[in-house]
Amino acid sequence: MNWIYLVVTGCFEVVWASTMKLSEGFTKLNYDVYTVIGMILSFVFLSQATKSLLLSVAYPVWTGIGAVGSIIIGYVFFKDQVSNWTWVFILLLLISIIGIKITSKS
């Protein structure tokens with residue numbers, strides 16, 4: 001269950017980062033609210049995950065999911081330009097996240 005919490009918290013990190021972009025510097029109240037809710041839920045699920053996962057495992061996985069997810073959302077919805085080399089490093093980041101999961105004792 002702790003790994004499910006960790007995936008969920010990473011997804012909420014992507015939500016709040018995306019809605020923060022949509023809030024245009026916290027000038028659009030509805031997106032401001034979504035951003036804050038996403039932040040709160042992200043931290044709630046992270047705190048649940050770290051009850052049984054090591055911080056040295058949970059934190060990099062959480063930020064990795066957030067980073068990869070934010071890049072993909074930026075590319076798909078915000079038309080961010082992503083170079084071929086960036087995709088290579090995204091793949092390496094995904095491999096690293098999976099490697100942390102496989103090699104952790106949690």
Side-chain angles (χ1 to χ4, degrees):
M1 192 68 178
N2 49 1
W3 282 96
I4 293 171
Y5 287 143
L6 200 52
V7 170
V8 170
T9 192
C11 292
F12 276 116
E13 184 173 0
V14 174
V15 167
W16 73 254
S18 302
T19 55
M20 185 171 58
K21 164 81 172 158
L22 292 169
S23 79
E24 296 181 9
F26 290 101
T27 60
K28 294 187 175 182
L29 182 60
N30 56 333
Y31 290 115
D32 299 345
V33 171
Y34 297 143
T35 300
V36 172
I37 291 170
M39 288 176 172
I40 290 168
L41 290 173
S42 183
F43 283 107
V44 166
F45 282 102
L46 181 62
S47 71
Q48 292 301 310
T50 56
K51 283 183 179 179
S52 54
L53 286 175
L54 300 171
L55 180 63
S56 59
V57 170
Y59 186 77
V61 171
W62 174 57
T63 57
I65 292 169
V68 170
S70 295
I71 293 167
I72 292 170
I73 293 295
Y75 179 78
V76 172
F77 293 105
F78 298 117
K79 307 300 181 215
D80 293 352
Q81 297 299 307
V82 180
S83 73
N84 290 337
W85 278 110
T86 302
W87 289 116
V88 169
F89 290 112
I90 292 167
L91 179 61
L92 290 172
L93 187 52
L94 283 171
I95 291 168
S96 298
I97 292 168
I98 293 166
I100 290 170
K101 162 63 173 121
I102 291 170
T103 60
S104 73
K105 296 181 184 192
S106 300

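Remember, predicted model here, so these are calculated numbers, not experimental data.
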Please list every donor-acceptor pair under 3.5 Å in which a side-chain atom of residues 40-50 meets a protein atom from a residue at least two apart or in another chain.
residue, atom, partner, partner atom, Å
Ser42, OG, Thr9, O, 3.2
Ser42, OG, Thr9, OG1, 3.3
Ser42, OG, Trp62, NE1, 3.1
Ser47, OG, Phe43, O, 3.4
Ser47, OG, Val44, O, 2.7
Gln48, OE1, Lys51, NZ, 3.4
Thr50, OG1, Leu46, O, 3.1
Thr50, OG1, Ser47, O, 3.2

Would you be so kind as to tabulate the donor-acceptor pairs closer than 3.5 Å made by side chains of residues 64-82, with sequence neighbours excluded?
residue, atom, partner, partner atom, Å
Ser70, OG, Gly66, O, 2.7
Lys79, NZ, Val76, O, 3.1

Under 3.5 Å, which donor-acceptor pairs link side chains of residues 90-100 to any protein atom two or more places apart or in another chain?
residue, atom, partner, partner atom, Å
Ser96, OG, Leu92, O, 2.9

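A salt bridge (charged side-chain N to carboxylate O under 4.0 Å, His left out) check over residues 17-41, counting only residues at least two apart or in different chains, returns the pairs Glu24-Lys28. Legend: side-chain hydrogen bond (donor to acceptor under 3.5 Å, both in side chains) pairs involving residues 85-94, not counting sequence neighbours, sorted by first then second residue: Ser83-Thr86.
The two residues Pro60 and Thr63 come nearest to each other via the heavy atoms O-OG1, 3.2 Å. Smallest separation of non-hydrogen atoms from Ala58 and Leu6: O-CD1, 3.5 Å.
Val33 and Leu22 end up in different hydrophobic clusters when Ile, Leu, Val, Met, Phe, Trp and Tyr side chains are linked at under 4.5 Å. Each of Trp16 and Ile37 belongs to its own hydrophobic cluster when Ile, Leu, Val, Met, Phe, Trp and Tyr are linked at side-chain heavy-atom distances under 4.5 angstrom. Linking ILVMFWY side-chain heavy atoms closer than 4.5 Å, directly or via other members, places Phe12 and Met1 in a single hydrophobic cluster. Both Val7 and Val57 are part of a single hydrophobic cluster, where members link through side-chain heavy atoms under 4.5 Å apart. Each of Tyr34 and Val15 belongs to its own hydrophobic cluster when Ile, Leu, Val, Met, Phe, Trp and Tyr are linked at side-chain heavy-atom distances under 4.5 angstrom.
Residues passing the side-chain hydrogen bond (donor to acceptor under 3.5 Å, both in side chains) test with Thr19, sequence neighbours excluded: Thr35.
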